[in-house]
Amino acid sequence: MSIPPVARRARSAGPRWRRPSPPLWYCSHSPWWPTPRRRPPALISQGKPVTASSTEGAGTPASAAVDGDPGTRWSSTFSDPQWIRVDLGATAAIDQVRLVWETAYATAFQIQVSPDGNTWTSIYSTTTGTGGTQTLAVSGSGRYVRMYGTTRAIGYGYSLWEFQVFGVIGGQPSPSASPSTSPSPNPNPGGTPISEFKKVEASSYEGGNAPAAALDGRTTTRWSSQFSDPQWIRVDFGGTATISRVVLNWESAFARAYRIETSADGTNWTSIYSTTAGNGGIETLNISGSGRYLRLYGTQRATGYGYSLWELQVFGTVNTSATTPPMLSGPTRPPRPPASSS
């Protein structure tokens, strides 16, 4: 059927309807439209400096966990807790950690980050670890990353074929992250331990691990005793101290049973804390007492080695007024000037 000319003109008089064009962000199914892909995370831990709380032997060093070789491994001694940490060299935004466990794995552990290797923040925690290869989606920021194991799955130590950290050096973590702070060697970041660099003595020490290493503020040096019970280490504050907290940062050779004691004279001691169930690791003791001297007195070792502390930190205040010589008082009147000769 033909349409009259007038009708044809009337039909074409208005604006023609067009299908709207898709916006630039629109992703169609056309083969020419590329699908955006997320960039895979970068491995930033391989070959970096690494330390551990202990090693089982010379053939299983900490460095084997970051060498990229799936045939070498780190393994710890057979006790809890144990840790391995990697120094990324600079602050990094971390978004993934991969643990490739040997048969000796952790059922309970934390992944922690730190800006300085002393104060640690947990970005992942579990008490139901399954071993094998665990790929953990995390979010955090720090120069140091640590796996801190608290419960072993079997009677051996902790053993990792690979400890891999992924992220961006110099980046920032996701703003949605809400990490929780874990116990750290310095629970009072606004102050300095009253024990730092003070005079220190011990019942014994092993090799170059002298008592002063426990008070130098570094977690890479330590005091360790001979392999017998009892052993002790004591600090002289130089004046009467009011003590509010003691932090013990143990190496793997820790005390199962010990006392914290104070003394006014270094001879007569008063116990302000006692335990027979020490767990090692970092023990933060909220205790109170006073004295010029403080002593850790170990009575039972957890291992066949001695007692070994990375740091012994005491917090509180020290009154040194009794040991500080008083200032000489000035003259009450100016000296008389000499008489002039005439």
Give, for atom [atom1] of [X] and atom [atom2] of [Y], the distance between the pair rounded to the nearest 0.5 Å.
| X | Y | atom1 | atom2 | value |
| --- | --- | --- | --- | --- |
| E196 | L215 | CD | CG | 8.5 Å |
| L248 | E311 | CG | CD | 11.0 Å |
| N319 | R292 | CG | CZ | 12.0 Å |
| L88 | I94 | CG | CD1 | 6.0 Å |
| R146 | T51 | CZ | OG1 | 9.5 Å |

Hphob cluster co-occupancy, [X] + [Y], side-chain heavy atoms under 4.5 angstrom:
| X | Y | result |
| --- | --- | --- |
| L160 | V50 | yes |
| L136 | L43 | no |
| V138 | I44 | yes |

Once salt bridge (Lys or Arg N to Asp or Glu O under 4.0 Å) is applied, do any residues pair with [X], and if so which ones, sequence neighbours excluded?
| X | answer |
| --- | --- |
| R218 | D216 |
| D229 | R301 |
| E261 | R259, R295 |
| R85 | none |

Test item: [X] side-chain N/O and [Y] main-chain N/O as donor-acceptor pair under 3.5 Å:
| X | Y | answer |
| --- | --- | --- |
| S139 | D95 | no |
| T275 | A257 | no |
| S53 | S252 | no |
| S263 | D265 | yes |
| S225 | Y307 | yes |
| E162 | Q164 | no |

Closest non-hydrogen atom pair, [X] against [Y]:
| X | Y | result |
| --- | --- | --- |
| R222 | W310 | CB-CE3, 3.7 Å |
| G238 | D236 | N-OD1, 2.8 Å |
| Y273 | S271 | O-OG, 3.3 Å |
| Y297 | P230 | OH-CG, 3.4 Å |
| N279 | F254 | C-CE1, 3.6 Å |
| V165 | S45 | N-OG, 2.9 Å |

Any non-hydrogen side-chain atom of [X] less than 4.5 Å from a side-chain atom of [Y]?
| X | Y | value |
| --- | --- | --- |
| M147 | I111 | yes |
| V66 | K48 | no |
| W161 | P70 | no |
| W74 | T55 | yes |
| V145 | Q112 | no |
| K198 | V235 | yes |
| V113 | Y144 | no |

Query raised in the report: Hey, which of I260, V318, L294, L285 is the one that makes side-chain contact (heavy atoms from CB on, under 4.5 Å) with I243?
Result: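 When I260, V318, L294, L285 are each tested with I243, the side-chain contact (heavy atoms from CB on, under 4.5 Å) holds only for L294.
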Report task. Take R256 and Q300, measure what side-chain hydrogen bond (donor to acceptor under 3.5 Å, both in side chains) needs, and give me the verdict at the end. Result -> CA-CA 5 Å; R256 184 69 68 195; Q300 182 185 349; over 6 Å; no
**Report entry** Cluster companions of Y305 among Ile, Leu, Val, Met, Phe, Trp, Tyr (side-chain spacing under 4.5 Å)
**Finding:**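 Same cluster as Y305: F227.
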**Report entry** For P211, all residues meeting side-chain contact (heavy atoms from CB on, under 4.5 Å), sequence neighbours excluded
**Finding:**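 Residues passing side-chain contact (heavy atoms from CB on, under 4.5 Å) with P211: V200, A202, Y205, W223, I233.
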Query raised in the report: Mind checking what makes side-chain contact (heavy atoms from CB on, under 4.5 Å) contact with E201, not counting sequence neighbours?
Result: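 Counting only residues at least two positions away or on another chain, E201 forms a side-chain contact (heavy atoms from CB on, under 4.5 Å) with K199, W232, R234.
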Extract all donor-acceptor atom pairs below 3.5 Å that involve side chains of residues 99-109 and protein atoms in other chains or at least two apart in sequence.
| from | atom 1 | to | atom 2 | distance (Å) |
| --- | --- | --- | --- | --- |
| W101 | NE1 | Q134 | OE1 | 2.8 |
| E102 | OE1 | A104 | N | 3.2 |
| E102 | OE1 | S159 | OG | 3.4 |
| T107 | OG1 | T151 | O | 3.3 |

Report task. List the steps and the verdict of side-chain contact (heavy atoms from CB on, under 4.5 Å) for F315 and I194. Result -> CA-CA 6 Å; F315 293 85; I194 61 174; 5.9 Å; no
Query raised in the report: Residues in ring-ring contact (aromatic ring centres under 6.0 Å, His included) with Y156, at least two apart?
Result: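 Y156 satisfies ring-ring contact (aromatic ring centres under 6.0 Å, His included) with F78 once adjacent residues are dropped.
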Under the rule for side-chain hydrogen bond (donor to acceptor under 3.5 Å, both in side chains), what residues qualify as partners of [X], not counting sequence neighbours?
| X | result |
| --- | --- |
| S228 | Q231 |
| D67 | T72 |
| T126 | T128 |

Query - Steps toward side-chain contact (heavy atoms from CB on, under 4.5 Å) verdict (E56, T77) - result: CA-CA 5 Å; E56 181 186 1; T77 55; 5.5 Å; no
**Report entry** Stepwise side-chain contact (heavy atoms from CB on, under 4.5 Å) test for Y258 and L296
**Finding:** CA-CA 7 Å; Y258 66 91; L296 170 121; 3.8 Å; yes
**Report entry** Side-chain donor-acceptor contact under 3.5 Å, Q226 with S204
**Finding:**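 On atom types as modelled, these side chains do not qualify, holding no pair under 3.5 Å.
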Query raised in the report: Could you walk me through whether N286 and S244 pass the side-chain contact (heavy atoms from CB on, under 4.5 Å) check?
Result: CA-CA 6 Å; N286 295 307; S244 59; over 6 Å; no
Query raised in the report: Could D87 and R143 be called an ion pair, given the rule that one side-chain N must be under 4.0 Å from one carboxylate O?
Result: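 Salt bridge flag = yes for R143 with D87.
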Requested in this report: Determine, step by step, whether D80 and R152 satisfy the salt bridge (Lys or Arg N to Asp or Glu O under 4.0 Å) criterion, reporting the C-alpha distance in whole Å, the side-chain angles of both residues, the deciding distance to 0.1 Å, and the verdict.
Outcome: CA-CA 7 Å; D80 294 314; R152 291 164 293 145; 3.1 Å; yes
